[in-house]
Amino acid sequence: MSVRVRFAPSPTGQVHIGNIRAAIFNWLFARHAGGQFLLRIEDTDRERSTPEAVQAVLGAMEWLGLTFDDVPLYQSTQREAHLAAAARLLEQGDAYRFAKGGEGAEATVFRLPWDAERVPGVVVTGTCEISVHPDEPVIIGREGVRYAQISSKGKPVAEHKCLAGFRDLEVLDAGESVRFRLADKIDEILAGRHTESVAGAARLRFTRRSITYQDQVKGVLAKPLDGLADFVIVRSDGHPVFHLGNVADDVTQGVTHIIRGDDHVENTYRHLFLFHALGATAPQYAHLPMIVNAQGKPYSKRDGAAYVGDFREKGYLPEALFNYLALCGWSPGDDREVMTRAELAAAFTLEKVLSSPAQVDLTKLAWMNGEHLRRRPVSERLAGCRADLVAHGFWQEGMDEGYLLKVIDAMAERIKLYTDMAAQAGFFFTEDYPYDEKVMQKRLRKPGGREGLLALREAWAALPVFTAAALEEALKAAAAAHNLNPSDLIHAARVAVSGMGVGPGLYVMLEVLGAERVRRRLERTLALVPAA
RNA sequence: GCGCCCAUCGUCUAUCGGUCAGGACACGUGGUUUUCAUCCACGUAAGCGGGGUUCGACUCCCCGUGGGCGCGCCA
């Protein structure tokens, strides 16, 4: 069977990187297998779903190159199908109607099957006994078993679990005598015609059954049925609930593998029963570890950029974010790190997905962005750098493209983000560049500072060609003639023409600026450095 | 509280019982540039603790510790 996976976000706000990472893993898995990657918009939460949020999802996916197959399925269009599924479950006896508190409108509740053994993955794990608080009655009815656990302080703690969790249930009192045997009343209870209340119980004895499945990332996972409760699938106001819609849509979309965050593992046990009750084969599941912050807590807005849009705004490349996120919880198994989407897809397998959480390291992301930046075609780099210069007023339409290109070439090795351009190379484009006062103090506002600049002005004014090599030769000659250290002149020149203490190699920088700009800038700086 | 999951350098990771525990980011040192940076080379740095199993354990099992997730008529 050909692979079909899906990304199923609920459009309730911005797209979190944890979510988009799940989309990336699904995309990688699908592309690796030559299968289909589907998009489903789970927009049934009328209160919180917005068209803007849908656009945010679509925009983020397009930006990252997460191409999907087929048209997106909007879950809100499936309402009738969901209700039909609920009706079917009701008819089959896999669900019942129930009003909380016994009054008002009834919700539809899915019943974990009493004959659970017919569901693949359910196993009997043996006899189990649990202590219950004698002050609270044990109530056994169609909706399950209610009892009170005993807390460490001896207080009763209410529990409500599904009937299916308690096969062969016997309620015992402190004297070991059986006060109630489920087998005696099971038919009436299942039919909702009887509810048993047992006072003064001390223990519950029953045959424990567990639901198990093979998670493609975490291995065999299991959950005792007495840890599960029946759950609502259609609210009393008639709206289908997440569990129903999610599973029903996976059936209609023919999803073969569900790859999602491991905050969903508990849902998986429920969904396994739902798939079976709906007459479908359950898909394979793979649960991804979460991404966390430096404190090991779920990564959030407070940890810096958390939404796809934040990274885009800060100037990160989609290739870099994609690459970085793919490496959070997965590795190709060799030492490769900087990879293209195609390389990632070729190398991707669920086998290599880790099961432990990964911390986001923005520093490494920035490094990776620089690596990708350097691999982009010149035309794209030009556009990216120009955009940042435009945004900061350093560049306007009609200015010299050839000059821009030379600047970018000089800066290419040192910037990690396009958005570094304005701050690091803005001085190339304005004669009104600011001076870093600390650097001025260190390099120019000192004895001999002015003399150095004068020497440079004289040496460079006479140059027939304004090239890096000629500039270097002239600077060194001037240093020797004035009995100065060349490095003093180098630093003085840098701050004079750029206002900064850091930048590209000096001679290249000067050549790019050109004779006229350099001359003007020396004059401008000279005016600020009076004779001692 | 109960259930489930997780645990290798500061961080991302390799290792699928036998390795000097490898790579990358970051950091440090040195070299190149009589240049801040880049670049290059080198270096510091790890198997949570305790028990087993085994000739041998980072790797398998158990207990502990720490962390995460779940326990809605939210998704």
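The chains referred to below are lettered A, B, ... by the order of the sequence lines, with proteins before strands, and numbering in each begins at 1.
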Applying a 4.0 Å non-hydrogen cut-off, can you work out what [X] is touching in the nucleic acid: base, sugar-phosphate, or nothing?
X: A:Phe231; answer: nothing
X: A:Leu228; answer: nothing
X: A:Glu337; answer: base
X: A:Lys442; answer: nothing
X: A:Pro486; answer: base
X: A:Leu354; answer: sugar-phosphate
X: A:Ala229; answer: nothing

Rounded to whole angstrom, note down the [atom1] distance from [N] over to [M].
N: B:rC48; M: B:rA21; atom1: P; answer: 15 Å
N: B:rU38; M: B:rU19; atom1: C1'; answer: 35 Å
N: B:rC25; M: B:rA14; atom1: C1'; answer: 15 Å
N: B:rA46; M: B:rA41; atom1: P; answer: 24 Å
N: B:rC16; M: B:rU29; atom1: P; answer: 36 Å
N: B:rG23; M: B:rC9; atom1: C1'; answer: 12 Å
N: B:rC12; M: B:rU34; atom1: C1'; answer: 40 Å
N: B:rG3; M: B:rU11; atom1: P; answer: 30 Å

Identify whether NZ of Lys or CZ of Arg in A:Arg270 sits under 6.0 Å from the centre of the six-membered ring of A:Phe273 and within 45° of that ring's axis. no
From B:rC5, B:rU11, B:rU34, pick the nucleotide closest to the side chain of A:Ile490?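 So the nucleotide nearest the side chain must be B:rU34.
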Kindly say whether the aromatic ring centers of [X] and [Y] come within a distance under 6.0 Å.
X: A:His271; Y: A:His243; answer: yes
X: A:Phe206; Y: A:Phe166; answer: yes
X: A:Phe348; Y: A:Trp330; answer: yes

Do [X] and [Y] have side-chain N/O donor and acceptor atoms under 3.5 Å apart?
X: A:Arg260; Y: A:Thr268; value: yes
X: A:Tyr435; Y: A:Thr525; value: yes
X: A:Ser10; Y: A:Arg48; value: no
X: A:Tyr418; Y: A:Asp420; value: no
X: A:Asn293; Y: A:Gln359; value: no

Can you tell me if the side-chain N/O atoms of A:Ser331 get under 4.0 Å from OP1 or OP2 in B:rA14?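 Yes, within the criterion.
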N/O contacts under 3.5 Å, protein versus nucleotides 19-22 of chain B?
none

Return the orientation label for the A:Phe275 and A:Tyr285 ring planes: parallel under 30°, perpendicular over 60°, tilted otherwise. perpendicular
Do A:Lys364 side-chain and B:rA24 base share a donor-acceptor contact under 3.5 Å?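 Answer yes: a donor N or O sits under 3.5 Å from an acceptor.
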Taking for each residue the nucleotide of RNA chain B with the nearest heavy atom, is it A:Trp367 or A:Leu327 whose nucleotide lies nearer the 5' end? A:Leu327
Relative to the 5' end of RNA chain B, which residue comes earlier, A:Gln295 or A:Gly329, by the nucleotide with the nearest heavy atom? A:Gly329
With the criterion being N/O to N/O and under 3.5 Å, what pairs connect the protein with nucleotides 36-39 of chain B, and how long is each?
residue	atom	partner	partner atom	Å
B:rC36	O2	A:Gly501	O	3.3
B:rC36	O2	A:Gly503	N	2.9
B:rC36	N3	A:Gly503	O	2.8
B:rC36	N4	A:Arg494	NH2	3.4
B:rC36	N4	A:Gly503	O	3.3
B:rA37	N3	A:Arg414	NH1	3.0

Which nucleotide, if any, forms a Watson-Crick or G-U wobble pair with B:rA41, using both distances under 3.5 Å?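 Base partner found: B:rU29.
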Under 3.5 Å between N/O atoms: give me all the protein pairs with nucleotides 72-75 of chain B, atom names plus distance.
residue	atom	partner	partner atom	Å
B:rC73	O2	A:Ser236	N	2.8
B:rC73	O2	A:Ser236	OG	2.9
B:rC73	N3	A:Ser236	OG	3.0
B:rC73	N4	A:Lys100	N	3.2
B:rC74	OP2	A:Arg235	NE	3.2
B:rC74	OP2	A:Arg235	NH1	2.2
B:rC74	O2'	A:Asp45	OD2	3.4
B:rA75	OP1	A:Arg235	NH2	3.3
B:rA75	OP2	A:Phe242	N	3.2
B:rA75	O2'	A:Ser10	OG	2.7
B:rA75	N1	A:Asn267	ND2	3.3

